[in-house]
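If you're wondering where the values come from, they're calculated on a predicted model, not measured in any experiment. Atoms within a ligand are numbered from 1 in the order they appear, just like the ligands themselves. Along the sequence shown, the residues carry numbers beginning at 1.
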Amino acid sequence: MRPPGHARTLRGIAVSSGIAVGPAYVVDRRKRHVETRDIERSDVESELSRFEAALAETQSQLEVIGGRLPHGEHRQILTAQKLMLEDPDLAGRVAEIVLEELIGAECALARVADEIREMLEQADAQHFRERSSDITFLAERVLANLQGDAPVTLRPPAGAVVIAHDLSPADTADLVRSDIVGIVTAVGGLTAHSAIIARSMELPAVVGVDDVEEVVERGDTVVVDAIHGVVLLRPSEAELDEWNDARRRYDEFEDQVQREHGLPAMTRCGQRITLRANVALSEEVASSRFHGAEGVGLYRTEFLYMGRDTTPSEEEHYRHAKHVLRKMAPYPVVFRTFDLGSDKQTPLLHYDETEANPAIGVRGLRLSLAYRDWFLAQLRGLLRAALHGPLRIMLPMVTSLPELKLALEAVAEARQQLEDARLAYAQDVPVGIMIEVPSAALEADRLARYVDFMSIGTNDLIQYTLAIDRENDEVAYLYRPLQSAILQLIQRACEAGRNADIPVSLCGELAADPRYTWVLLGLGVRELSMHPSAIPVIKNIIRGSDHAEMVDLARRVLEVEDVADAERLVVREMRARFPEHLDHGGGQMLAAEATQTSQEKGTPR
Ligand code: PEP
Ligand code: MG
């Protein structure tokens, strides 16, 4: 361990907000050394049965791990790994190499794993690239079994920060039982396993920190600033004191706002706002309730289609939705019908790698209409589940009225199918749409006449309005939610909702960012839906504000010509009123803040 004082600042992406300070627990996954071992032709059979036995051993280990995992999505990832292992092509290719080259199974497996990894890493779709770590984990586990070693289990001490190249669902089973304080990984992305693990454990986490497992040594003191996406190694005593203070202040503030979780989100002047949770897994419902959500405003059902080799049946949709409704009762749950394609891939789709622009290709509602049987099965399941609680159906990526009418016809057809099958279902299920492409916002008046509610999805609305791919880091700096085009579209959708007398919610990431709370509510939004842990901070802002000051700020921001001035104005006003809250939103830093932070790089605010 190096002495303190040789601090190093590493940068990554904050995926689960907070500050953690602790000794590093570095997960050592140095590649197993595999010797090329020549075998006799007469040994081929026994070599292959040894390999078969190692595969079977790995399968049963994964079964045991699956039984210990608390979270649905991790189990799904594990199921995907088991399917990879069962793939006859994998065993077939290993057997082929052993037979043709007369070498040991370990060496053949290592070669096949490299081939598969290379293929996945070259894929265009992020989904496939992220799965390349699955093959690494699997190959390591099978190799360990072939070599008769126990696979590595993680046993971090209490208070440690876990540093890893990547984490697998099998690691989750170890980590949920530990008492760690933060996670840093080299592999990045919001949908990477490590990010999912961190969010489900509500731990500060920074991912995408290049080679972090190489530069950190076990026992090094590490500061995880998962507000700005910074990791500080080996801080000096003085820095350490400052960071420990910052962490204490952060945690105390979180506890303080959490205490208000049962109070209504009402402004000082009596304007009632509804705060709901964005959820992708039924396990997150408990956390939504804990943080005071008045229902689920966006249930992302895409996760039901991931990590499996068959599509969910009507029965599965029914049982799943009924389970979620029971857990959230008496509050409503808005189930978004599957928004697959583009950034939300599933192997079930037999994804066309050659599609040049998947974000504007067959995705969202278009895909639902193209895969009508899947769509009808989901709609039937949801309509039946609605007998068990206040369920709402939301259609993603609506771009025009004719398209909306086709989707509503599908809802009517699903009802008719249930009638024909003499199955009980709820008659009056509200059906709403997401406003997430500019055409829908501009035509919101027209669309609103056909639906029961609308929800603005700013993640995509910003992507399509400003022509910036939300997956592309190179254009991330252009993500400027306060650009007048975005604000005008939000305002227009709100007006359309008021005219049609239907509720309008906002469920993009902006909803969780305290910098935007006043502007969004000032533009006319009355419901916000966000990741559950953000709710207490946003509620605290609402309870400390008057509606008139929100409307006034929104008006002033709309009048500003240059978006940089709009950002400066909003950051100045919000920081003056809510200095602590602004560090609790995550979100991308605005230009107005970047200057300030670059001057203070590496030290807490
Ligand atoms: C959005 O686009 O803002 C949204 C909430 O949906 P998703 O992020 O799932 O595309
Ligand atoms: Mg979207």
Engineer: Using a 4.0 Å heavy-atom cut-off, which part of Glu509 comes near ligand 1: side chain, backbone, both, or neither?
Structural biologist: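 Neither part.
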Engineer: Just by modelled atom types, is the Gly544 backbone N or O under 3.5 Å from a matching donor or acceptor in the Arg577 side chain?
Structural biologist: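 Yes; at least one donor-acceptor contact below 3.5 Å.
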Engineer: Please give me the protein atoms (N, O or S only) lying under 2.8 Å from the Mg ion (ligand 2), ordered by chain and number.
Structural biologist: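 Less than 2.8 Å away from the Mg ion (ligand 2) sit Glu436 OE1, Asp460 OD2.
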Engineer: Run the salt-bridge test on Asp339 and Arg300 with the 4.0 Å N-O cut-off and return the result as yes or no.
Structural biologist: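 Judged by the 4.0 Å cut-off on N to carboxylate O distance, Asp339 and Arg300 do not form a salt bridge.
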Engineer: Tell me the closest heavy-atom pair linking Ala407 and Leu395, and the distance in Å.
Structural biologist: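 The pair with the smallest heavy-atom distance is CB-CD1, 3.8 Å.
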Engineer: Which is it for Arg470 and ligand 1 at heavy atoms under 4.0 Å: side chain, backbone, both or neither?
Structural biologist: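 Contact part for Arg470 vs ligand 1: side chain (C-beta onward).
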Engineer: Using 4.0 Å as the upper bound for N to carboxylate O, is an ion pair formed by Arg470 and Glu509?
Structural biologist: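 No.
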Engineer: Angle between ring planes, His581 versus Phe578, binned at 30° and 60°: parallel, tilted or perpendicular?
Structural biologist: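 The rings of His581 and Phe578 stand perpendicular, inter-plane angle above 60°.
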Engineer: Quick one: which ligand 1 atoms are inside 4.0 Å of a heavy atom on Cys507?
Structural biologist: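 Counting atoms of ligand 1 from 1, those under 4.0 Å from Cys507 are 5 (C).
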Engineer: Just go through Arg363, Arg300, Glu302, Met397 and tell me whose heavy atom is the nearest to atom 9 (O) of ligand 1.
Structural biologist: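 That would be Arg300.
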Engineer: Record the part of Leu461 in heavy-atom contact with ligand 1 below 4.0 Å; permitted values are side chain, backbone, both and neither.
Structural biologist: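 Neither; nothing of Leu461 gets under 4.0 Å from ligand 1.
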Engineer: Any nitrogen or oxygen of Glu436, side chain or backbone, less than 3.5 Å from one on ligand 1?
Structural biologist: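 The answer is yes, given that Glu436 and ligand 1 share an N or O pair closer than 3.5 Å.
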Engineer: State, without any angle test, whether Ser439 and Tyr464 hold a side-chain donor-acceptor pair at a distance under 3.5 Å.
Structural biologist: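 On atom types as modelled, these side chains do not qualify, holding no pair under 3.5 Å.
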Engineer: Starting from atom 10 (O) of ligand 1, locate the nearest protein heavy atom and write down its residue, its atom name and how far away it is, to 0.1 Å.
Structural biologist: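 So the nearest neighbour among protein heavy atoms is Lys344 NZ, 2.7 Å.
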Engineer: Any idea which atoms of ligand 1 are less than 4.0 Å away from a heavy-atom of Gly508?
Structural biologist: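 Listed by number with element: 3 (O).
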Engineer: Does only the side chain of Asn459 get under 4.0 Å from ligand 1, or the backbone, or both, or neither? Count heavy atoms.
Structural biologist: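 The part of Asn459 near ligand 1 is both the backbone and the side chain.
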Engineer: Starting from atom 6 (O) of ligand 1, locate the nearest protein heavy atom and write down its residue, its atom name and how far away it is, to 0.1 Å.
Structural biologist: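 Protein heavy atom at minimum distance: Arg336 NH1, 3.0 Å.
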Engineer: Leu298 heavy atoms, cut-off 4.0 Å: which ligand 1 atoms fall inside?
Structural biologist: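 So the answer, numbered in order with elements, is 5 (C).
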Engineer: Regarding Glu202 and Ser533, do their side chains bring together a donor and an acceptor under 3.5 Å, going by distance alone?
Structural biologist: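 No - no donor-acceptor pair under 3.5 Å links their side chains.
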Engineer: Would you say the side chain of Glu413 lies within less than 4.5 Å of the side chain of Glu409, judging by non-hydrogen atoms?
Structural biologist: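 With C-beta onward as the side chain, the pair stays apart.
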Engineer: With side chains defined as the heavy atoms from C-beta onward, is the minimum distance between Leu558 and Leu523 less than 4.5 Å?
Structural biologist: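 Contact flag for Leu558/Leu523 side chains = yes.
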Engineer: Considering all heavy atoms of both residues, which atom of Leu365 and which atom of Pro396 are nearest to each other, and what is their separation?
Structural biologist: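 Scanning both residues, the minimum pair turns out to be CB-O, 3.1 Å.
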Engineer: Report yes if the side chains of Val519 and Leu482 come closer than 4.5 Å at any heavy-atom pair, otherwise no.
Structural biologist: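 The answer is yes, as the side chains (C-beta and beyond) meet within the 4.5 Å cut-off.
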